[in-house]
Amino acid sequence: MMATFVISVCTFSLMVLLLNTVHSTILGNNYEPNLRRNNIRSTGLDGMFSQSDFTSASKRRTQAVENKRRRVRDATDSKCSIPEEQMIALSDPSHTSFYTFNDSNFNLAMIWTGPDGKELMALTTMEYTFYSAQSHLWISNNFGRSFTSINHLIEGAIIRATDGIFKSSIDPQRVILVSYMPDMSKTETRLYGTLNGGKKFTKSIAPFYLDGSIVFHNTDANRLLAHSPYQQFKLWVSNDFGIHWKDVQRNVLSYAWGSKEMEPGVLFAVVSSGSTGSVTQRLMRSTDYGESFLAMKENVYSFGVQGNFVFAAMDGGKKNEERVLYVSKDDGETWNPTQLPVITINQFFSVLDMNEGMLFIHVDDEGGTGSGTLYTSDADGIVFSVSLKKHLYAERSATTDFYRVTSMRGVYLASQVGDDLSIHTNITFDRGGIWHPVKAPEGSVCKNSATSCNLQIHNRYSQTEGLNVPSSPLSQQNAVGLILAHGNVADALETHPPDVFVSNDGGYNWTKALAGPHHYTLTNNGGLLLAISAEQDVTNIIKFSYDEGHCWNEYQFIKEPFSITGLLPEPSTNSLNVSIWGFGVEDRRWRIVTIDFSAVLKNECTEADFVEWVPHLSNNNKGCLLGLNETFERVKPDSLCHLNYIHRPKAKVSDPCLCTKDDYECDFGFSRKGESEECEVSADVNPSQLDVCINGVKEKISTWGYRKIPGDKCVKGFQPVRSMDNLQQQCTNGLESNLSVEQQDGHEVRTATIVMILLAVTFFSGILLFLLYRHGKLPCTKPSLPSYRYSQLSREDSVDKMVNLESHPTYHDSSDEEMLE
């Protein structure tokens with residue numbers, strides 16, 4: 001389970017001021033949602049839908065494009081069309097059902113709660129300036145075909161439209177609703193919790209005003225975390241699913257449970273103490289669920305927890321103008337500074353991913369360019385190397401197009417900013433070792449393209465800029481090699497409405513599947529693709545493909561078109577049930593259409609329907625990548641069959657491959673130019689200073705410029721030498737000693753003066769000092785390569801709050817609510 005961490009500049013006094021402002025706003029119930037419904041966007045998964053105005057902003061430089069379309073089969077093709085009797089069966093009420101809620105509240109959230117995928121809970125809320133209406137709660141026990149009102153279980157409460165519904169990531173039947181108190185002057189919070197998916201709710205009063213999210217424990221569904229800045233910034237713990245709460249720390253600025261890879265009782269918090277002008281911020285750790293705490297590090301401004309790693313942004317000296325990122329792999333017991341160049345407090349960084357045994361970190365460029373450098377780490381998270389320069393990360397919107405393709409090991413997508421401020425899409429197949437432009441579909445032509453003609457893929461940045469991109473790139477682990485994405489064929493990303501493209505080999509080759517923007521999703525382990533056009537405000541047509549996007553059939557699921565908010569497949573990847581959500585044009589009431597595509601894919605897949613597939617056959621290594629040659633089992637594209645619920649794609653792994661340069665990324669201080677395989681010393685690095693401090697000891701890196709990619713299984717073949725020679729000299733990096741700049745400067749002056757006096761007294765003393773230095777008896781005086789400095793590390797999205805806009809779990813476990821803005 002992952003989360004994204006972003007650094008921004010923040011002071012304690014400013015935080016207090018902002019929180020007091022937010023407090024007065026909340027207590028006044030002062031909300032102002034946008035009432036327009038014609039531009040609703042969907043997560044593509046179970047989430048919260050709301051009415052938001054997808055406004056346009058400034059666009060990047062664009063150029064016109066003209067595609068030479070690949071011939072796509074449609075329902076008129078005899079080899080593509082579904083038998084008429086199956087289409088008739090699809091329209092039967094047993095396979096297509098329609099339900100209208102007697103409800104026109106502005107916001108709708110829905111969550112799957114049942115263990116077998118049948119139970120679906122829906123919550124509608126209404127908040128506008130000083131007005132709040134009663135919330136409505138509904139439950140379905142038949143995949144959303146019909147709903148029953150259960151308002152009486154929450155006593156007519158007004159549930160918060162923001163941070164009002166939370167679901168456990170380890171038990172889908174555990175849901176908590178956060179309600180406003182009838183008396184808004186009380187600093188308390190009313191909670192409604194269910195342990196059985198909405199069959200029964202228990203009301204409780206939390207003795208604090210909840211700010212932000214309720215944070216569920218990673219392994220114990222009963223344990224919760226909450227925070228309230230209005231009662232001395234207290235951190236609260238519940239051990240009985242919100243019935244009772246205990247404050248465990250005060251003056252808490254940030255907090256988090258330890259990851260599921262750590263001991264279950266681990267809890268971290270940054271605690272502030274001291275008076276104005278001499279505030280100290282300590283990283284505290286508990287190993288007993290908050291019963292007791294010990295200080296781990298001083299001068300910590302923020303932190304983050306991912307997998308086995310704990311990151312902390314600490315004071316880097318220079319009058320509190322810089323921060324240093326430290327990393328720990330033993331739950332905070334020992335720490336090492338990450339080896340990255342210096343940045344100022346006006347810059348930021350973001351930990352983007354560490355799903356495959358390594359880390360991707362974005363470091364902002366100076367000057368507010370909206371781009372920075374993407375770095376990859378070694379397996380210890382200490383030594384980083386340049387992966388991609390001019391990586392797009394819009395600071396004002398905290399938006400990046402970085403995307404991990406979950407259907408293919410080692411594949412990532414990222415956007416890069418050109419010298420002319422145009423945006424280009426890049427793809428890597430080896431965890432950031434080498435990046436390539438995305439290959440355009442065969443036969444595509446770019447109009448007026450002076451440089452290149454590639455596929456440019458739209459992602460989150462395009463959505464924040466107001467482009468009609470209803471779905472971000474989509475992939476699923478069980479749909480091996482399959483990727484859906486919006487894009488255009490050109491030499492740069494464009495602002496006109498994109499088309500839908502599909503790759504069935506992990507991003508090596510692409511085909512144009514659908515013209516224009518669409519809501520889309522996939523199910524049946526990739527055996528069924530579903531799409532609804534987003535070019536018109538209303539529609540009643542759904543498109544489906546059973547052969548990886550080559551053949552598309554259309555199905556009119558209802559006579560009266562309505563405004564579509566998105567598609568919601570059942571959580572099981574093998575399911576054939578999909579729900580279409582939206583609202584009526586005239587009555588503004590919410591609607592749901594549920595379709596069971598087992599009428600089309602009615603036969604269960606047999607052995608004859610499967611075919612073996614080898615990934616990465618399009619590269620130069622004939623299928624070998626990251627040291628392995630893998631063979632997967634996939635359903636034949638033209639098989640009209642469905643997988644049963646217990647089926648999982650089979651993978652057979654061959655013997656490890658021989659190592660090539662593709663199995664290596666550039667080592668610390670080295671980088672590749674373009675798509676070259678050669679690693680060369682970076683222009684801004686002095687090769688004589690390629691040293692690293694690890695556990696307080698300086699290590700000298702001996703390298704040919706290559707470092708095996710973490711997790712790569714290759715053997716023999718290309719074997720560059722890389723070793724760390726322990727100099728047995730204590731690092732005197734001021735970051736480790738926590739000395740101020742003035743103290744460091746004074747220390748260095750005194751040391752230099754003493755050395756000069758000794759050398760002046762006698763020649764033999766100089767020889768003695770030299771010999772002592774050579775034998776490691778003097779402190780290390782060679783300057784270490786400086787670490788990156790950071791401002792504040794903060795958690796951008798709650799694991800239990802957000803559904804990733806990529807429509808699949810990349811940094812977060814599948815959760816169930818998000819309001820798109």
**Prompt:** For Asp419, what residues pass the side chain to side chain contact (heavy atoms under 4.5 Å, CB included) criterion, not counting sequence neighbours?
**Reply:**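 Applying side chain to side chain contact (heavy atoms under 4.5 Å, CB included) to Asp419 gives none.
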
**Set of side chain to side chain contact (heavy atoms under 4.5 Å, CB included) partners for Ala414, sequence neighbours left out** =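 In terms of side chain to side chain contact (heavy atoms under 4.5 Å, CB included), with neighbours along the sequence ignored, Ala414 is linked to Leu388, His391, Phe402, Trp435.
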
**Request:** Could you check if a side-chain atom of Gln281 sits within less than 4.5 angstrom of a side-chain atom of Leu253, using non-hydrogen atoms only?
**Result:**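 Yes, at least one pair of side-chain atoms sits under 4.5 Å.
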
**Message:** Please find the pair of heavy atoms, one from Ala440 and one from Val489, that lie closest to each other, and give the distance.
**Reply:**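 For Ala440 and Val489, the tightest heavy-atom pair comes out as CB-CG1, 3.9 Å.
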
**Prompt:** In Å and rounded to the nearest 0.5 Å, what is the CG to OG1 distance from Leu474 to Thr406?
**Reply:**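 It comes to 8.0 Å.
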
**Asked** Of all residues at least two apart in sequence or in a different chain, which pass the side chain to side chain contact (heavy atoms under 4.5 Å, CB included) check with Asp712?
**Response**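 By the side chain to side chain contact (heavy atoms under 4.5 Å, CB included) rule, Asp712 matches Leu626, Asp663, Lys708, Ile709, Cys714.
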
**Val469 to Ser462 - nearest heavy-atom pair and separation** =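 That would be CG2-CB, 4.0 Å.
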
**Asked** Distance-only, no hydrogens or angles: does the Thr400 side chain make a donor-acceptor pair with backbone N or O of Leu392 under 3.5 Å?
**Response**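 Side chain of Thr400 to backbone of Leu392, a donor-acceptor pair under 3.5 Å: yes, one is there.
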
**Message:** Any heavy-atom pair between the side chains of Glu678 and Tyr706 that's under 4.5 Å?
**Reply:**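 Heavy-atom side-chain distance check passes, below 4.5 Å.
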
**Message:** Using the rule given for side chain to side chain contact (heavy atoms under 4.5 Å, CB included), can you reason through Leu325 versus Phe311, listing the C-alpha separation, both sets of side-chain angles and the distance that settles it, and then say yes or no?
**Reply:** CA-CA 7 Å; Leu325 181 66; Phe311 300 94; 3.8 Å; yes

**Request:** Under the side chain to side chain contact (heavy atoms under 4.5 Å, CB included) rule, what do Arg707 and Val383 come out as? Steps first, then yes or no, please.
**Result:** CA-CA 11 Å; Arg707 179 179 69 208; Val383 180; 3.5 Å; yes

**Request:** Output all residues satisfying side-chain hydrogen bond (donor to acceptor under 3.5 Å, both in side chains) with Ser273, sequence neighbours left out; order by chain, then residue number.
**Result:**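 For Ser273 the side-chain hydrogen bond (donor to acceptor under 3.5 Å, both in side chains) partners, ignoring immediate neighbours, are Arg282.
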
**Asked** If we ignore angles and hydrogens, is there a donor and acceptor under 3.5 Å between the side chains of Ser328 and Asp330?
**Response**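 Yes, side-chain donor-acceptor contact under 3.5 Å.
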
**Asked** For Ala485, does its backbone N or O pair with a side-chain atom of His458 as donor and acceptor, under 3.5 Å?
**Response**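 Checking the backbone N and O of Ala485 against the side chain of His458, no donor-acceptor pair under 3.5 Å is found.
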
**Message:** Looking at every heavy atom in both Val305 and Ser259, which two are closest together, and how far apart are they?
**Reply:**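 Closest approach of Val305 to Ser259, heavy atoms only: CG1-N, 3.6 Å.
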
**Request:** Examine distances only and state if a side-chain atom of Ser415 and a backbone atom of Ile423 form a donor-acceptor pair shorter than 3.5 Å.
**Result:**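 Not at all, since once roles are kept as given, no pair shorter than 3.5 Å links the two residues.
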
**Message:** Is the shortest side-chain heavy-atom distance between Tyr375 and Val386 below 4.5 Å?
**Reply:**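 Heavy-atom side-chain distance check passes, below 4.5 Å.
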
**Asked** Given side chains that start at C-beta, do those of Tyr403 and Ser472 come closer than 4.5 Å, heavy atoms only?
**Response**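 Result no, sub-4.5 Å side-chain heavy-atom pair not found.
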
**Asked** Can you name the residues that form a side chain to side chain contact (heavy atoms under 4.5 Å, CB included) with Ser377, not counting sequence neighbours?
**Response**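 Residues passing side chain to side chain contact (heavy atoms under 4.5 Å, CB included) with Ser377: Met358, Leu359, Phe384.
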
**Prompt:** For Pro337 and Tyr326, which heavy atoms make the closest approach, and how far apart are they?
**Reply:**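 Distance-wise, the nearest heavy atoms are N-CD2, 3.6 Å.
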
**Item:** His227 and Tyr255 aromatic ring geometry - parallel, tilted or perpendicular at 30°/60° bounds
**Value:**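 It falls in the tilted class, 30° to 60°.
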
**Item:** Straight-line distance of Ile427 CD1 to Ile483 CD1, nearest 0.5 Å
**Value:**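 The CD1 atom of Ile427 sits 5.5 Å away from the CD1 atom of Ile483.
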
**Item:** Steps toward side chain to side chain contact (heavy atoms under 4.5 Å, CB included) verdict (Phe429, His436)
**Value:** CA-CA 9 Å; Phe429 302 100; His436 316 264; 4.1 Å; yes

**Prompt:** Is any side-chain heavy atom of Thr280 closer than 4.5 Å to a side-chain heavy atom of Glu298?
**Reply:**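 Side chain of Thr280 against side chain of Glu298, heavy atoms only: contact under 4.5 Å found.
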
**Message:** Within the 4.5 Å heavy-atom criterion, are Asp364 and Tyr393 side-chain neighbours or not?
**Reply:**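 Not touching, per the 4.5 Å side-chain cut-off.
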
**Message:** Holding to salt bridge (charged side-chain N to carboxylate O under 4.0 Å, His left out), I want the full list of residues that pass it with Lys439, two or more places apart in sequence or in another chain.
**Reply:**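 Applying salt bridge (charged side-chain N to carboxylate O under 4.0 Å, His left out) to Lys439 gives none.
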
**Message:** Do Thr428 and Asp430 pair up side chain to side chain, a donor and an acceptor below 3.5 Å, judged on atom types alone?
**Reply:**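 The answer is yes; a qualifying pair exists.
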
**Asked** Backbone N or O of Arg460 within a donor-acceptor pair of the Asp401 side chain at under 3.5 Å?
**Response**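 Yes, Asp401 side chain to Arg460 backbone: donor-acceptor pair under 3.5 Å.
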
**Non-hydrogen side-chain atoms of Trp510 and Ile457 separated by less than 4.5 Å** =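 Side-chain contact under 4.5 Å: yes.
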
**Asked** Taking C-beta and beyond as the side chain, do Leu455 and Thr425 meet within less than 4.5 Å on heavy atoms?
**Response**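 A side-chain contact under 4.5 Å is absent here.
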
**Item:** Non-hydrogen atoms of Ala312 and Trp335 that approach each other most closely
**Value:**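 Nearest pair, atom of Ala312 first, then Trp335: CB-CZ3, 3.6 Å.
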
**Message:** Between Gln456 and Ala490 (side chain of the first, backbone of the second, donor and acceptor by atom type, cut-off under 3.5 Å), is there such a pair?
**Reply:**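 Yes; at least one donor-acceptor contact below 3.5 Å.
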
**Item:** Contact summary for Asp331 and Met262, nearest pair of heavy atoms
**Value:**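 For Asp331 and Met262, the tightest heavy-atom pair comes out as OD1-CG, 3.2 Å.
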
**Prompt:** Going by atom types alone, do Ser387 and Glu665 pair a side-chain donor with an acceptor below 3.5 Å?
**Reply:**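 There is no such pair between these side chains.
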
